[in-house]
Amino acid sequence: MKSDDNYIFEMSMKVRDYEVDAEGIVNNAVYLHYLEHTRHEFCEQAGMTFREMHRLGLDPVVSHIDIKYMRPLGLGESMVSKLGMYRRGPVFVFRQDIYTPEGEPVVKATVDIVSFENRRLSRGDRLAVAFAKFLE
């Protein structure tokens, strides 16, 4: 496991009304959307959108997620979603953490991504080239 302070991307978000449950807190499944949205925004900022990757025959796919919920968020609350990444063989590991604006941990997650090339599982070498400057 890599250190938590080596982030390469971060973005702010705000809890919307349709993301909270009957208790008035963000439903646990919604955090998966926050994490995915952060990965998509990171890829776009890095110059490689998911649409472009697919056009090139590259399809990154989630193979495993480990998530620890540490503090609930409620309607209207803000958050900062942070991302770091490294490679473990053919697997791209995204360390994704969400914090309150004050720095209190909300969610700590690791997301394993594998790469399909032309619909076949690959070692991820082409994807590694696209993200070489970001890999730890």
Which atom of [X] lies closest to which atom of [Y], heavy atoms considered:
X: Cys43; Y: Met53; answer: SG-CE, 4.0 Å
X: Ser122; Y: Pro90; answer: O-CB, 4.1 Å
X: Arg87; Y: Ala128; answer: NH1-CB, 3.1 Å
X: Val93; Y: Arg88; answer: CG2-NH1, 3.2 Å
X: Gly74; Y: Val15; answer: O-CB, 3.3 Å
X: Ala46; Y: Phe134; answer: CB-CE1, 3.4 Å

Any chain of hydrophobic side-chain contacts (each under 4.5 Å) joining [X] to [Y]?
X: Val80; Y: Tyr31; result: no
X: Leu32; Y: Met70; result: no
X: Leu75; Y: Ile25; result: no

4.5 Å side-chain heavy-atom contact, [X] and [Y]:
X: Met48; Y: Leu56; value: yes
X: Phe94; Y: Phe9; value: no
X: Val107; Y: Ile67; value: yes
X: Val106; Y: Tyr99; value: no
X: Phe42; Y: Met11; value: no
X: Leu73; Y: Met79; value: yes

Show your reasoning for whether side chain to side chain contact (heavy atoms under 4.5 Å, CB included) applies to Phe92 and Asp112.
CA-CA 6 Å; Phe92 296 84; Asp112 291 352; over 6 Å; no
With side chain to side chain contact (heavy atoms under 4.5 Å, CB included) as the criterion, how do Leu121 and Val114 come out once you've worked through the C-alpha distance, each side chain's angles and the decisive distance to 0.1 Å?
CA-CA 7 Å; Leu121 187 61; Val114 295; 3.9 Å; yes
Could you measure the distance from the [atom1] atom of [X] to the [atom2] atom of [Y]? Nearest 0.5 Å is fine.
X: Phe116; Y: Leu58; atom1: CZ; atom2: CG; answer: 12.0 Å
X: Leu83; Y: Gln45; atom1: CG; atom2: CD; answer: 9.5 Å
X: Thr100; Y: Glu102; atom1: OG1; atom2: CD; answer: 4.5 Å

Hey, does the side chain of [X] reach the backbone of [Y] with a donor-acceptor pair shorter than 3.5 angstrom?
X: Arg119; Y: Asp59; result: no
X: Gln96; Y: Leu35; result: yes
X: Ser81; Y: Thr38; result: no

So with a 6.0 Å cut-off around NE2 of His40, is the heavy-atom count from everything else above 12?
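More than 12 within 6.0 Å, yes.
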Name all pairs fulfilling the salt bridge (charged side-chain N to carboxylate O under 4.0 Å, His left out) condition that reach into residues 34-54, sequence neighbours left out, sorted by first residue then second.
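Applying salt bridge (charged side-chain N to carboxylate O under 4.0 Å, His left out) to every pair that reaches into residues 34-54, excluding sequence neighbours, yields Glu52-Arg55.
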Any pair counted as salt bridge (charged side-chain N to carboxylate O under 4.0 Å, His left out), so long as it reaches residues 7-19, sequence neighbours left out
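Sorted result for residues 7-19: Glu10-Lys82, Arg16-Glu19.
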Step by step, would you call Asn6 with Tyr86 a side chain to side chain contact (heavy atoms under 4.5 Å, CB included)?
CA-CA 11 Å; Asn6 196 13; Tyr86 62 96; over 6 Å; no
Compute both the distance and the angle, then confirm whether Arg95 meets the cation-pi test with Tyr7: under 6.0 Å from the six-membered ring centre, within 45 degrees of the axis.
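Yes, Arg95 sits over the ring of Tyr7.
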Quick one, Ile113 with Val61, criterion side chain to side chain contact (heavy atoms under 4.5 Å, CB included). Give me CA distance, side-chain angles, the key distance, then yes/no.
CA-CA 5 Å; Ile113 303 288; Val61 176; 5.8 Å; no
